Amino acid sequence: MAVDSVTSSPPAPPATASEKDAKALQFIEETTRNTDSVQERVLSEILSRNAETEYLKRFGLLGATDRDTFKSKVPVVTYEDLQPEIQRIANGDRSLILSSHPISEFLTSSGTSAGERKLMPTIHEELDRRTLLYSLLMPVMNLYVPDLDKGKGLYFLFVKAESKTPGGLVARPVLTSYYKSEHFKTRPYDPYNDYTSPNEAILCADSFQSMYTQMVCGLVMRHQVLRVGAVFASGLLRAIRFLQLNWRQLAHDIHNGTLNPKITDPSLRESMSGTLKPDPELSSFITKECCEENWEGIIPRIWPNTKYLDVIVTGAMAQYIPTLDYYSNGLPLACTMYASSECYFGLNLKPMCKPSEVSYTIMPNMAYFEFIPHDPSAPPLSKLSPPHLVDLADVEVGKEYELVITTYAGLCRYRVGDILEVTGFHNAAPQFRFVRRKNVLLSIDSDKTDEAELQKAIDNASVLLREFNTSVVEYTSFADTKTIPGHYVIYWELLVKDPANNSPSHEVLDKCCLAMEESLNSVYRQGRVADNSIGPLEIRVVKNGTFEELMDYAISRGASINQYKAPRCVNFSPIMELLDSRVFSVHFSPSAPHWTPERRR
């Protein structure tokens with residue numbers, strides 16, 4: 001679908017740009033021009049306000065707020081290092097442990113520590129900083145895509161029911177915190193942020209009722225929709241899958257102007273009463289589009305004025321790009337911001353760029369940022385030899401770094417675990433490509449395979465599927481050490497677009513195993529060829545819908561529908577049993593990959 005209104009590079013701001021947009025863009029320019037001085041001020045503010053906390057007093061800063069003293073006395077830490085302090089706060093200790101401001105709640109990270117979700121302490125004013133970053137997104141987007149105030153955004157946004165710590169503090173995902181805040185619920189009307197979904201639908205904790213009513217609204221207002229989105233690419237694909245499973249009931253409700261009796265939330269039913277009216281013509285249209293087996297281009301077919309998809313497709317989400325392209329006829333994919341439970345970091349100043357070119361500009365007012373130079377070939381750092389950290393303004397283009405943050409909420413020199421590559425600068429503020437989470441997914445012997453390498457191997461193997469009009473829509477893995485020698489097992493869910501006439505054979509899928517092995521590092525291939533310490537790679541193809549069941553299982557155990565990402569490595573027995581119960585074909589590498597002592601890459 002051609003999108004004439006989307007430009008590839010930002011023109012000069014139009015003369016009609018609102019005063020609000022102009023102020024936001026001016027703020028970005030001024031803040032990024034003065035990156036180092038802003039960072040110096042941020043650190044000084046954090047250290048001044050938290051000087052009397054137990055944590056900072058432990059290191060003898062004696063009120064100092066300068067960088068040199070801070071770096072020489074305060075150690076770089078991980079979540080495990082801070083866990084005793086975090087647990088005290090969770091248990092009800094209200095003394096000044098990490099922050100001089102009261103801890104207002106815990107934000108639950110999608111990461112885990114010893115199998116439990118991480119609890120990130122936060123303070124109320126952090127909502128102001130998050131809201132500030134959100135307020136910059138549309139002024140930037142308006143430079144690239146005009147007239148977004150002439151319609152609505154269909155965004156599938158969700159909350160989950162929060163829990164409470166033993167000390168009574170709320171613990172919930174960062175997006176649930178934001179959506180339930182007054183900042184979101186009582187936000188003033190903004191034509192550039194006008195959603196089809198009412199607040200009642202977004203704030204409903206029942207994921208079915210929330211998704212159903214958001215989909216109804218999106219269908220009823222289909223001609224007004226100018227952009228379609230979710231937080232992650234996987235969330236948008238889940239919405240499309242929901243439409244595939246529920247279009248008959250949706251069409252029925254729209255035909256009669258009545259709401260599915262499964263929608264029992266009183267506030268939802270009341271909010272929908274003014275939206276849902278009998279519309280037999282729209283109902284017939286939905287039936288006609290959805291009853292066909294071919295769902296290629298379903299997004300622009302149903303929402304014909306869509307200019308782009310607003311989803312995160314960097315990092316582990318990159319694997320969803322072909323499926324999104326299939327459902328959208330190649331609509332532009334916009335990645336707008338970079339954030340986590342620990343901190344909101346920055347935004348993409350070229351949001352309409354290709355997914356492979358996405359870079360995020362770190363906003364220096366959000367926290368104090370430091371960076372550990374990342375060298376995959378270097379030995380691990382020990383506590384006795386602390387890493388040398390680089391300031392935000394001093395990173396170098398082309399180099400990779402691990403992100404370290406110091407926040408107003410009290411995290412000091414905290415290793416987030418993200419690996420970033422510097423791609424350039426906007427004024428004096430560096431721009432980063434998200435590379436991966438710093439972790440090892442698979443290891444049998446001395447081999448170590450991370451998420452980026454596994455993704456690359458799957459991308460290379462997927463090339464063999466193209467002639468069969470087939471793609472990998474979801475995957476996970478585990479290191480099977482029950483066999484001797486152990487071997488990698490990869491679960492694939494495939495999208496076969498013409499199963500009756502053109503699906504990949506058993507032999508082709510065997511070759512995919514070998515293609516993956518050829519893409520893995522030399523240590524792995526040496527283990528396969530010379531050391532015989534690793535067995536042939538195995539692909540287990542699972543039935544369609546398996547990974548949706550996996551997501552449902554995770555949500556039933558407390559995962560956030562907004563923050564859920566399919567795990568790239570699994571070892572939890574119930575999940576393994578679920579996956580194995582859905583396997584319908586098994587494939588192994590037919591031969592060993594190439595390896596010689598000279599082949600190091």
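All of these numbers come straight from a predicted model, not from anything done at the bench.
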Visitor: Quick one: are L136 and M363 in side-chain contact, heavy atoms under 4.5 Å?
Guide: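 With C-beta onward as the side chain, the pair touches.
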Visitor: Check for a donor-acceptor pair, side chain of T476 on one end and backbone N or O of P567 on the other, with a separation under 3.5 Å.
Guide: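 Here the side-chain-to-backbone pair exists.
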Visitor: Count the heavy atoms belonging to other residues, nucleotides or ligands that lie under 6.0 Å from CG of N294, then report whether that count exceeds 12.
Guide: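 Yes.
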Visitor: CD of Q224 to CG of L154: how many Å apart, nearest 0.5 Å?
Guide: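 Answer rounded to 0.5 Å: 11.5 Å.
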Visitor: Looking at W303 and G218, would you say the former's side chain and the latter's main chain have a donor-acceptor pair under 3.5 Å?
Guide: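 At least one qualifying donor-acceptor pair exists.
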Visitor: Under the side-chain contact (heavy atoms from CB on, under 4.5 Å) test against F369, which residue among I405, L389, V390, V404 passes?
Guide: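 Per the side-chain contact (heavy atoms from CB on, under 4.5 Å) rule, the option paired with F369 is I405, out of I405, L389, V390, V404.
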Visitor: Have Y475 and Q455 got a donor and an acceptor in their side chains that come within less than 3.5 Å?
Guide: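 Result is yes, a qualifying pair exists.
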Visitor: Determine whether the side chains of N460 and E518 contain a donor N or O and an acceptor N or O closer than 3.5 Å.
Guide: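 No, because no side-chain N or O of N460 sits under 3.5 Å from a partner of the opposite role on E518.
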Visitor: Just by distance, do the side chain of Y401 and the backbone of E396 share a donor-acceptor pair under 3.5 Å?
Guide: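 Judged by distance alone, yes, a pair lies under 3.5 Å.
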Visitor: For the residue pair H487 and F588, does the interplanar ring angle fall in the parallel (under 30°), tilted (30 to 60°) or perpendicular (over 60°) class?
Guide: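 H487 and F588: tilted rings.
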Visitor: Is the closest basic N to carboxylate O distance between D450 and R568 below 4.0 Å?
Guide: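 Here D450 does not pair with R568 in a salt bridge, since their nearest N and O are not under 4.0 Å apart.
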Visitor: Side chains of Y360 and T314: donor-acceptor distance under 3.5 Å anywhere?
Guide: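 The answer is yes; a qualifying pair exists.
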Visitor: Using only atom types and a distance under 3.5 Å, with no angle test, would you say the side chain of R222 pairs donor to acceptor with the backbone of I302?
Guide: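 Checked: pair present.
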Visitor: Return yes if some donor-acceptor pair links the side-chain N/O of N246 with the main-chain N/O of F242 below 3.5 Å, else return no.
Guide: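 Such a contact is found between N246 side chain and F242 backbone.
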Visitor: Ignoring hydrogens and angles, tell me if any N or O in the side chain of S589 forms a donor-acceptor pair with the backbone of L514 under 3.5 Å.
Guide: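 Side chain of S589 to backbone of L514: a pair is present.
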Visitor: Rounded to the nearest 0.5 Å, what separation is found between the CD atom of E453 and the CG atom of N521?
Guide: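 CG of N521 is found 4.0 Å from CD of E453.
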Visitor: Working to the nearest 0.5 angstrom, can you tell me the gap between H594 NE2 and R528 CZ?
Guide: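 The distance works out to 12.0 Å.
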Visitor: Donor-acceptor pair, distance only, cut-off 3.5 Å: does the side chain of R301 make one with the backbone of E289?
Guide: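 Yes, the answer is positive, given that a donor and an acceptor are paired below the 3.5 Å cut-off.
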Visitor: In terms of relative ring orientation, are Y553 and F572 parallel, tilted or perpendicular, with 30° and 60° separating the classes?
Guide: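 Ring orientation, 0 to 90° scale: tilted.
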Visitor: Quick check for you: to the nearest 0.5 Å, what is the distance between S471 atom OG and I321 atom CD1?
Guide: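 If we round to the nearest 0.5 Å, S471:OG and I321:CD1 are 12.5 Å apart.
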Visitor: For C335, does its backbone N or O pair with a side-chain atom of N348 as donor and acceptor, under 3.5 Å?
Guide: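 Side chain of N348 to backbone of C335, a donor-acceptor pair under 3.5 Å: yes, one is there.
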Visitor: Can a side-chain donor-acceptor contact be found between Y524 and T449 if the only test is distance below 3.5 angstrom?
Guide: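 Per modelled atom types, T449 and Y524 side chains form no pair under 3.5 Å.
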Visitor: Indicate yes or no for a side-chain donor-acceptor contact from S210 to the backbone of S207 under 3.5 Å, with no hydrogens or angles considered.
Guide: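 No, the answer is negative, given that no donor and acceptor are paired below the 3.5 Å cut-off.
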Visitor: Does any donor atom in the side chain of S505 or E507 lie under 3.5 Å from an acceptor atom in the other side chain?
Guide: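 Side-chain D/A pair, S505 to E507: absent.
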Visitor: Which class fits the ring pair F345 and Y338: parallel under 30°, tilted 30 to 60°, perpendicular over 60°?
Guide: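 Ring orientation of F345 relative to Y338: tilted.
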Visitor: Rounded to the nearest 0.5 Å, how far does NZ of K399 lie from NE2 of H374?
Guide: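 Atom-to-atom, H374:NE2 and K399:NZ are 13.5 Å apart.
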Visitor: Using 30° and 60° as the class boundaries, would you call the ring planes of F432 and F371 parallel, tilted or perpendicular?
Guide: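 Rings of F432 and F371: parallel, as their planes differ by under 30°.
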Visitor: Where the side chain of H587 meets the backbone of L537, is there a donor-acceptor pair that is under 3.5 Å apart?
Guide: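 Between the backbone of L537 and the side chain of H587 there is no qualifying donor-acceptor contact (under 3.5 Å).
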Visitor: For a side-chain contact (heavy atoms from CB on, under 4.5 Å) with E402, tell me which candidate from I372, D418, V416 qualifies.
Guide: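 Considering I372, D418, V416, a side-chain contact (heavy atoms from CB on, under 4.5 Å) with E402 is found only for I372.
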Visitor: Listed by chain and number, what are the side-chain contact (heavy atoms from CB on, under 4.5 Å) partners of T423, not counting sequence neighbours?
Guide: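 Counting only residues at least two positions away or on another chain, T423 forms a side-chain contact (heavy atoms from CB on, under 4.5 Å) with S359, Q431, R433.
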Visitor: Would one find more than 12 heavy atoms of other residues, nucleotides or ligands at under 6.0 Å from atom NZ of K497?
Guide: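 Yes - once you tally the heavy atoms of other residues, nucleotides and ligands closer than 6.0 Å, there are more than 12.
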Visitor: Can you give me every donor-acceptor pair (side chain of residues 543-550, partner residue at least two apart or in another chain, under 3.5 Å) with its distance?
Guide:
unit_1	atom_1	unit_2	atom_2	d
N544	ND2	L494	O	2.8
T546	OG1	K543	O	2.6
E548	OE1	R241	NE	3.1
E549	OE1	R582	NE	3.1
E549	OE1	R582	NH2	2.5
E549	OE2	R582	NE	3.1

